[in-house]
Number of protein chains: 2
Amino acid sequence: MKKSYQLSASVEDYIEAILNLADEAGCARSKDVAAKLGVARSSVTGALQLLREKGLADHEPYGGITLTPQGQAAARAVVRKHEVLASFFQDVLGIKKDRAQQAACRAEHALGTEIIGKLVDFIDYVAASHQNGWDVAHEFRQFCRRRPARSKE
Amino acid sequence: MKKSYQLSASVEDYIEAILNLADEAGCARSKDVAAKLGVARSSVTGALQLLREKGLADHEPYGGITLTPQGQAAARAVVRKHEVLASFFQDVLGIKKDRAQQAACRAEHALGTEIIGKLVDFIDYVAASHQNGWDVAHEFRQFCRRRPARSKE
DNA sequence: TGACAAAGTTAGGGGCGCCTAACTATACTG
DNA sequence: CAGTATAGTTAGGCGCCCCTAACTTTGTCA
């Protein structure tokens, strides 16, 4: 029986940053987490305390930060949401890359696995349509060109 | 020059509830806002104070709640986001109505007008595809049937 | 009209998440 | 090894948003 913890957006941000840093730099340092999230170093210290209490991350004072298996799983789920959303915004809706990334960051905490799963399917469907000679994304872009856009953040 | 205030999710929830109640019942009462949002009555009092400071709503103590023109505009923007998202989740992705509504509630605060505008376009495109004899939503459902679903919240 | 119920408010408190300032531990360099 | 820069922590505080409990105002009805 696995408890599906409801993680706060903040906690999700932290574990996502830690996972990304670990992938990029091999090891996540508190300082870099602070820089990546744009928060004070002391905020990271506080968050790490919480992450340890939740069993998501380990770190001894002045040591490196490591995600527990549970923390890794949670982090990968967040990263996956982020990637799926960014891909949908960019590849299907035609949003510019950096804006798609930003929007994905904000939205990734709000959507559950059902919607994300469906979005994966949808992205795959759009990709498959491309190979069948009927490119949905392309058609949509054509469609947009024929009508005034409302876009603007 | 119109300042695009960054409203907190909480403030958006309140003005959305007030607008909905005003549309449904003709007049928004504090008690009903509390019930709709599932918060204590005193929380509504506090929120109303904030809404007045922000120029979004008026209400004299023990009186009815009314949105200012600015508040109405903000509320309608939130409602629109909600409706667009719910429609996309339900009509395009095929999510069940109540789950689509829930997800829209959670996501509506995270997405800006650019993405919402594109979603409107996309929904329209899907509808138009239907009339052209190539129903994207239907095709997608077929596509899903041919592969295992990952859905589950 | 007087009493009671319902609606609204005030007062006080708590959690979360962030900040700055000051302190401590570690690392680097001459 | 001293001395300084850097990383990390602690302490204290603030804003937001919620709560409960108690109080005030309003509405209703015999």
Side-chain angles (χ1 to χ4, degrees), chain A residues 5-18 20-22 24-67 71 74-75 78 105-106 108-110, chain B residues 5-18 20-22 24-67 71 74-75 78 105-106 108-110:
Chain A
Y5 290 107
Q6 175 74 326
L7 301 179
S8 73
S10 168
V11 163
E12 290 194 346
D13 282 337
Y14 279 104
I15 57 178
E16 182 184 18
I18 291 168
N20 284 336
L21 285 169
E24 294 163 11
C27 163
R29 312 285 238 66
S30 179
K31 149 111 202 208
D32 299 321
V33 173
K36 174 157 279 198
L37 295 180
V39 300
R41 299 194 311 274
S42 61
S43 301
V44 178
T45 302
L48 289 178
Q49 162 110 28
L50 183 64
L51 291 181
R52 174 158 41 187
E53 282 167 14
K54 286 186 178 285
L56 297 173
D58 285 323
H59 96 292
E60 28 254 275
Y62 298 94
I65 305 166
T66 53
L67 292 173
V78 176
C105 273
R106 277 180 273 115
E108 69 192 17
H109 308 297
Chain B
Y5 290 105
Q6 176 73 326
L7 302 179
S8 73
S10 167
V11 163
E12 290 193 345
D13 282 337
Y14 279 104
I15 57 178
E16 182 183 18
I18 291 168
N20 284 336
L21 285 170
E24 292 163 12
C27 163
R29 311 286 239 66
S30 179
K31 149 112 203 210
D32 298 320
V33 174
K36 176 157 280 199
L37 295 180
V39 300
R41 299 195 308 279
S42 61
S43 301
V44 178
T45 302
L48 289 177
Q49 163 110 29
L50 183 63
L51 291 181
R52 175 158 40 186
E53 282 167 13
K54 284 185 179 287
L56 297 172
D58 286 322
H59 97 290
E60 30 253 274
Y62 298 94
I65 306 166
T66 54
L67 292 173
V78 176
C105 274
R106 278 180 272 115
E108 68 193 16
H109 308 298

* Asked: Could you walk me through whether B/Leu7 and B/Val78 pass the side-chain contact (heavy atoms from CB on, under 4.5 Å) check?
  -> CA-CA 10 Å; B/Leu7 302 179; B/Val78 176; 5.9 Å; no

For the pair made of [atom1] in [X] and [atom2] in [N], what is the distance, rounded to whole Å?
X       : N      : atom1 : atom2 : value
A/Glu60 : C/dT24 : CD    : C1'   : 17 Å
A/Gln49 : C/dC18 : CD    : C1'   : 16 Å
B/Leu21 : C/dA7  : CG    : P     : 14 Å
B/Leu48 : C/dA7  : CG    : C1'   : 13 Å

Atom [atom1] of [X] and atom [atom2] of [Y]: how far apart are they, to the nearest 0.5 Å?
X       : Y        : atom1 : atom2 : result
A/Leu37 : A/Asp32  : CG    : CG    : 11.0 Å
B/Arg29 : B/Ile65  : CZ    : CD1   : 9.0 Å
A/Asp13 : A/Glu108 : CG    : CD    : 6.5 Å
A/Leu56 : A/Leu48  : CG    : CG    : 11.0 Å
B/Arg41 : B/Thr45  : CZ    : OG1   : 8.5 Å

* Between which nucleotides of DNA chain D, read 5' to 3', does contact with chain A run, using atoms under 4.0 Å from its heavy atoms? ->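 First and last nucleotides in contact are D/dA7 to D/dT10.
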
* Strand contacts (DNA chain D) in residues 29-45 of chain B, 4.0 angstrom heavy-atom criterion ->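 Within this stretch, B/Gly38, B/Val39, B/Ala40, B/Ser42, B/Ser43 sit under 4.0 Å of the strand.
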
* Could you tell me which non-hydrogen atom of A/Ala17 sits nearest to which non-hydrogen atom of A/Lys36, and how far apart they are? =>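 Scanning both residues, the minimum pair turns out to be CB-CD, 4.0 Å.
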
* **Quiz item: B/Tyr62 side-chain donor-acceptor pair to C/dT9 base, under 3.5 Å** =>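 Per atom types, no contact qualifies.
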
* Does atom CD of A/Glu60 have more than 12 heavy-atom neighbours, drawn from other residues, nucleotides or ligands, at distances under 6.0 Å? ->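 Atom CD in A/Glu60 is not crowded, with 12 or fewer foreign heavy atoms closer than 6.0 Å.
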
* Asked: Closer than 4.0 Å, any side-chain N/O of B/His59 to the OP1 or OP2 of C/dT9?
  ->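 Yes, B/His59 has a side-chain N/O under 4.0 Å of OP1/OP2 on C/dT9.
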
